[in-house]
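To start, the structure under review is shown below, and the notes come after it.
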Protein chains: 2
Amino acid sequence: MKIGELARRSGLTAHTIRYYERIGLLPYADRDRSSQRDYDASILTWIEFLGRLKTTGMPIREMLRYAALREQGAGTEPERRAQLERHREQVRARIAELNACLLVLDTKIAGYAGAGNRIEDYDAYQRSRRNQPARTRQARAR
Amino acid sequence: MKIGELARRSGLTAHTIRYYERIGLLPYADRDRSSQRDYDASILTWIEFLGRLKTTGMPIREMLRYAALREQGAGTEPERRAQLERHREQVRARIAELNACLLVLDTKIAGYAGAGNRIEDYDAYQRSRRNQPARTRQARAR
DNA sequence: CATTGACTTAGAGCGCACTCGAACTCGTAG
DNA sequence: CTACGAGTTCGAGTGCGCTCTAAGTCAATG
């Protein structure tokens with residue numbers, strides 16, 4: 001598969017795929033006789049996993065560490081596992097932090113709901129249930 | 001209180017506080033007779049709330065919208081509430097997304113944990129070895 | 001009176017993660 | 001043969017959110 005198709009299938013742009021290869025996040029791809037990258041479908045699995053790491057806030061320099069260990073292959077499994085475990089803890093902490101903020105947000109909104117009832121009555125209120133934000137990326141809460 | 005103390009108490013740097021004032025995230029502070037900012041303790045509540053918004057991923061331009069409504073004061077409550085409700089939905093979506101990634105991470109880690117379990121990383125490794133001498137840093141050519 | 005240290009401003013610089021432009025080469029369709 | 005579209009490289013540009021520098025002012029202390 002060529003870069004255009006990989007772009008379509010991975011959700012990255014061709015520019016970003018080349019950028020990732022340049023910095024070492026994606027392995028150097030085979031070129032066909034006219035120097036065009038030719039990808040194996042298996043790269044999609046790796047790109048998808050990189051996407052998870054990115055979604056969970058792992059900076060590129062850490063992904064590079066992981067990618068380098070993966071390239072090295074044999075013997076690096078314990079270190080890769082350790083890195084993922086550290087990252088998992090960070091993600092858990094982040095979720096906890098977000099949940100805490102959610103409570104504050106709820107309180108604040110409840111405060112406005114009371115004030116709104118006094119001043120403006122409630123008419124814009126229902127909109128919050130129907131008026132979902134336009135699709136951003138993937139899963140939706142609740 | 002002067003900017004240094006506010007910095008200490010808020011966790012921001014004096015630089016950041018001035019920056020926030022410049023862009024309108026913090027109200028223009030009163031100056032004493034030698035042009036130094038003099039803060040009321042109440043600003044801490046606002047800074048703390050801004051911190052929550054930031055922690056939950058609200059971009060500055062949206063905080064500015066909220067801050068502007070707040071400056072306007074009376075009558076803007078329904079809009080402020082609506083904005084917070086939209087934001088709350090995004091935070092919930094983000095948490096859901098992180099939780100989904102957490103499952104993937106758990107699975108991956110479990111794969112590493114099992115003795116002699118190399119799963120799909122092994123295949124990917126074989127593939128990259130088969131390819132060119134994958135230069136992990138800058139790829140040049142020509 | 002000199003020094004210290006906290007403050008002031010305008011504006012430049014930085015780290016991150018892309019994102020895009022320019023100029024070029026190929027392979028194929030008409 | 002020519003045009004087109006998809007690819008190639010190098011390197012510059014972008015948007016975000018700070019972060020820092022330079023040059024100067026000011027009040028209090030030794």
Among D:dT19, C:dG21, C:dG27, the one nearest B:Tyr19 by side-chain distance: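 The answer is D:dT19, which lies nearest to the side chain.
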
Counting side-chain heavy atoms from CB outward, which of D:dT21, C:dC16, C:dG11 is closest to A:Arg61?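 Within the option list, the nearest is C:dC16.
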
Restricting both atoms to N or O, compile the protein contacts to nucleotides 2-7 of chain C shorter than 3.5 Å, with distance only.
residue, atom, partner, partner atom, Å
C:dC7, OP1, B:Gly4, N, 2.8

Pair B:Arg94 + B:Glu97: basic N to acidic O under 4.0 Å: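 Looking at B:Arg94 and B:Glu97, the cut-off is met.
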
Does [X] make a side-chain N or O approach to OP1 or OP2 of [N] shorter than 4.0 Å?
X	N	value
B:Tyr20	D:dC18	yes
A:Arg31	D:dT9	yes
A:Lys54	C:dC18	yes

Whole-Å gap separating [atom2] ([N]) and [atom1] ([X]):
X	N	atom1	atom2	answer
B:Arg22	C:dT8	CZ	C1'	12 Å
A:Glu62	C:dG15	CD	P	18 Å
A:Ile47	C:dC18	CD1	P	12 Å
A:Leu26	C:dA17	CG	P	15 Å

Check: B:Arg80/B:Thr76 side-chain N/O donor and acceptor closer than 3.5 Å: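 The answer is yes; a qualifying pair exists.
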
Under the side-chain hydrogen bond (donor to acceptor under 3.5 Å, both in side chains) test against A:Glu5, which residue among A:Lys2, A:Arg9, A:Arg8 passes?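 Between A:Glu5 and the candidates, side-chain hydrogen bond (donor to acceptor under 3.5 Å, both in side chains) is satisfied uniquely by A:Arg9.
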
Taking five pairs at each end, how big is the angle between the two axes of the helix from C:dC1-D:dG30 to C:dG30-D:dC1, to 10°?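 About 20° separates the two local helix axes.
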
